[in-house]
Amino acid sequence: MGCLKGFFRLIVIAVVIAGFFYLDGPGFIKEKIDGYTSPEREIFVQDEKDFGNLAAVPEDYKFQRSITIGKYRKILVTYTPSGQKISLIDIGDTTTLNQADFYTTKIDLKLYQLMDTVKNSPLEVKDVEITQRGTVLAKGKIVPYVNFTARLKIMPLIKVSGTIAAYNTKNADDGIVAKISKAVKQNKEDTTTKIVLSTRLSGNYSFEATQGLIKAISFIGIN
């Protein structure tokens, strides 16, 4: 009897799967995912104002919202003239990394730790070395940054270059924070650190592309 029940259960599962594909279930799911990750630019700017006002960012920078699990929220930005990827990441607190760290030696250790947890690509790096420190004047905020080089763990002879910058803003009441899973324990009123992170193979990396994005974000009227 047990074998018969198992057989019928398999038939039901097969019918459900067949119906899912017959009714274009994958297409429906893809449409919903695309609607979340790549909405119209005006909607995106409104939803993601926790990161600052992105309305003045040039069309050369294409936004895509990442589906993330945990306390981090991430926006992937592609600079279309060169294909360089830049991440805007809300790390969920101000203790992991904050603007003040960039003015002390804490940034050296924190940068190394952060690269192990908040990645701009699936490739892990080692031997992170800061090559330049500075600030970028955005619209209404001074954003500190460091440029760095590192080696790929799986191919140590290959070096990458990059930039990491940080700024703090409050999360908006009606921003995307209010729409994400309740499992994410993040107070909508909390001030959190937002990270700008970009890495690329040395020789192909452009600090100007990253700097251009930061300069275009407006913080006027934003805490």
Side-chain angles (χ1 to χ4, degrees), residues 36-68 70-82 84-103 107 110-111 114 118-120 133-147 162-180 184 186-199 206-223:
Y36 172 77
T37 59
S38 304
E40 292 183 9
R41 194 175 179 97
E42 294 77 12
I43 296 174
F44 194 102
V45 168
Q46 176 63 26
D47 283 348
E48 300 296 351
K49 59 186 179 183
D50 296 346
F51 287 88
N53 187 347
L54 306 175
V57 174
E59 294 288 336
D60 283 345
Y61 293 91
K62 300 299 181 184
F63 298 123
Q64 185 176 31
R65 195 181 285 144
S66 294
I67 298 175
T68 54
K71 69 177 183 177
Y72 299 127
R73 293 187 298 134
K74 179 178 176 180
I75 295 172
L76 181 63
V77 186
T78 302
Y79 182 60
T80 53
S82 65
Q84 182 166 310
K85 306 294 184 183
I86 307 166
S87 294
L88 299 178
I89 306 167
D90 180 358
I91 60 177
D93 58 48
T94 56
T95 57
T96 303
L97 184 71
N98 59 62
Q99 291 174 286
D101 293 330
F102 284 75
Y103 302 103
I107 187 61
K110 287 194 172 185
L111 173 60
L114 198 72
V118 180
K119 298 180 177 65
N120 191 51
R133 304 167 188 262
T135 59
V136 177
L137 180 58
K139 294 180 173 67
K141 190 179 286 290
I142 295 175
V143 179
Y145 74 87
V146 294
N147 289 338
T163 299
I164 187 165
Y167 58 90
N168 299 340
T169 59
K170 272 191 174 182
N171 293 327
D173 288 333
D174 55 350
I176 194 62
V177 175
K179 301 176 183 179
I180 58 178
V184 180
Q186 188 179 65
N187 187 330
K188 292 181 294 181
E189 295 296 331
D190 281 349
T191 295
T192 57
T193 298
K194 277 71 174 179
I195 296 297
V196 183
L197 173 62
S198 184
T199 56
S206 169
F207 171 61
E208 287 72 22
T210 306
Q211 185 183 45
L213 173 63
I214 298 171
K215 285 183 174 181
I217 300 175
S218 177
F219 298 97
I220 298 172
I222 296 175
N223 292 325

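Quick note: residue numbers are just sequence positions, from 1.
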- Would you check if Asn53 and Val45 make a side-chain contact, meaning some heavy-atom pair closer than 4.5 Å? yes
- Item | Heavy-atom side-chain contact between Arg41 and Phe63 under 4.5 Å | yes
- Please tell me if the side chains of Gln84 and Thr210 come closer than 4.5 Å, counting only heavy atoms from C-beta onward. yes
- Output for pair (Phe44 CZ, Lys62 NZ), nearest 0.5 Å, gives 12.5 Å
- Could you tell me which non-hydrogen atom of Tyr61 sits nearest to which non-hydrogen atom of Ala209, and how far apart they are? OH-O, 2.6 Å
- Message: For a 4.5 angstrom cut-off between non-hydrogen side-chain atoms, does Leu197 reach Lys74?
- Response: no
- Task: Kindly indicate whether the side chain of Asp90, heavy atoms from C-beta on, has any atom under 4.5 Å from the side chain of Asn171.
- Result: yes
- Query: Side chains of Ile164 and Leu97: closer than 4.5 Å at any heavy-atom pair?
  - Reply: yes
- First locate atom OG1 of Thr191, then atom CG of Asn168, and finally report the distance between them rounded to the nearest 0.5 Å. 7.0 Å
- Shortest non-hydrogen contact from Thr94 to Asn98? O-ND2, 2.9 Å
- Query: Strictly by modelled atom types, are Asp93 and Thr192 linked by a side-chain donor-acceptor pair under 3.5 Å?
  - Reply: no
- Message: If you count every heavy atom of other residues, nucleotides or ligands that lies below 6.0 Å from Lys215 atom NZ, does the total exceed 12?
- Response: no
- Task: For the pair Thr163 (side chain) and Ser198 (backbone), establish whether a donor and an acceptor sit closer than 3.5 Å, ignoring hydrogens and angles.
- Result: no
- Message: Restricting to non-hydrogen atoms, name the atom on Asp50 and the atom on Arg73 that form the minimum distance, rounded to 0.1 Å.
- Response: OD2-NH2, 3.3 Å
- Item | Rounded distance [0.5 Å steps], OG in Ser87 versus CD in Gln64 | 10.5 Å
- Message: Between Leu114 and Thr96, is there a side-chain heavy-atom distance shorter than 4.5 Å?
- Response: yes
- Side chain Thr80, main chain Asp60, donor-acceptor under 3.5 Å: yes
- Note on the structure: From the list Phe51, Tyr145, Phe219, ring-ring contact (aromatic ring centres under 6.0 Å, His included) partner of Tyr167 resolves to Phe219
- Item | Heavy-atom closest pair, residues Ala216 and Pro58 | CB-CD, 3.8 Å
- Taking C-beta and beyond as the side chain, do Lys194 and Leu88 meet within less than 4.5 Å on heavy atoms? no
- Query: So how far is it from Ile214 CD1 to Leu137 CG, rounded to the nearest 0.5 Å?
  - Reply: 11.5 Å
- Item | Gap separating the CD atom of Glu48 from the CD1 atom of Ile75, nearest 0.5 angstrom | 4.0 Å
- Item | Minimum heavy-atom distance between Ala166 and Ile195, given as atom pair plus value | CB-CD1, 3.9 Å
- Between Lys110 and Thr95, what is the shortest heavy-atom contact and its length? NZ-O, 3.0 Å
- Item | Straight-line distance of Thr135 OG1 to Tyr103 OH, nearest 0.5 Å | 6.0 Å
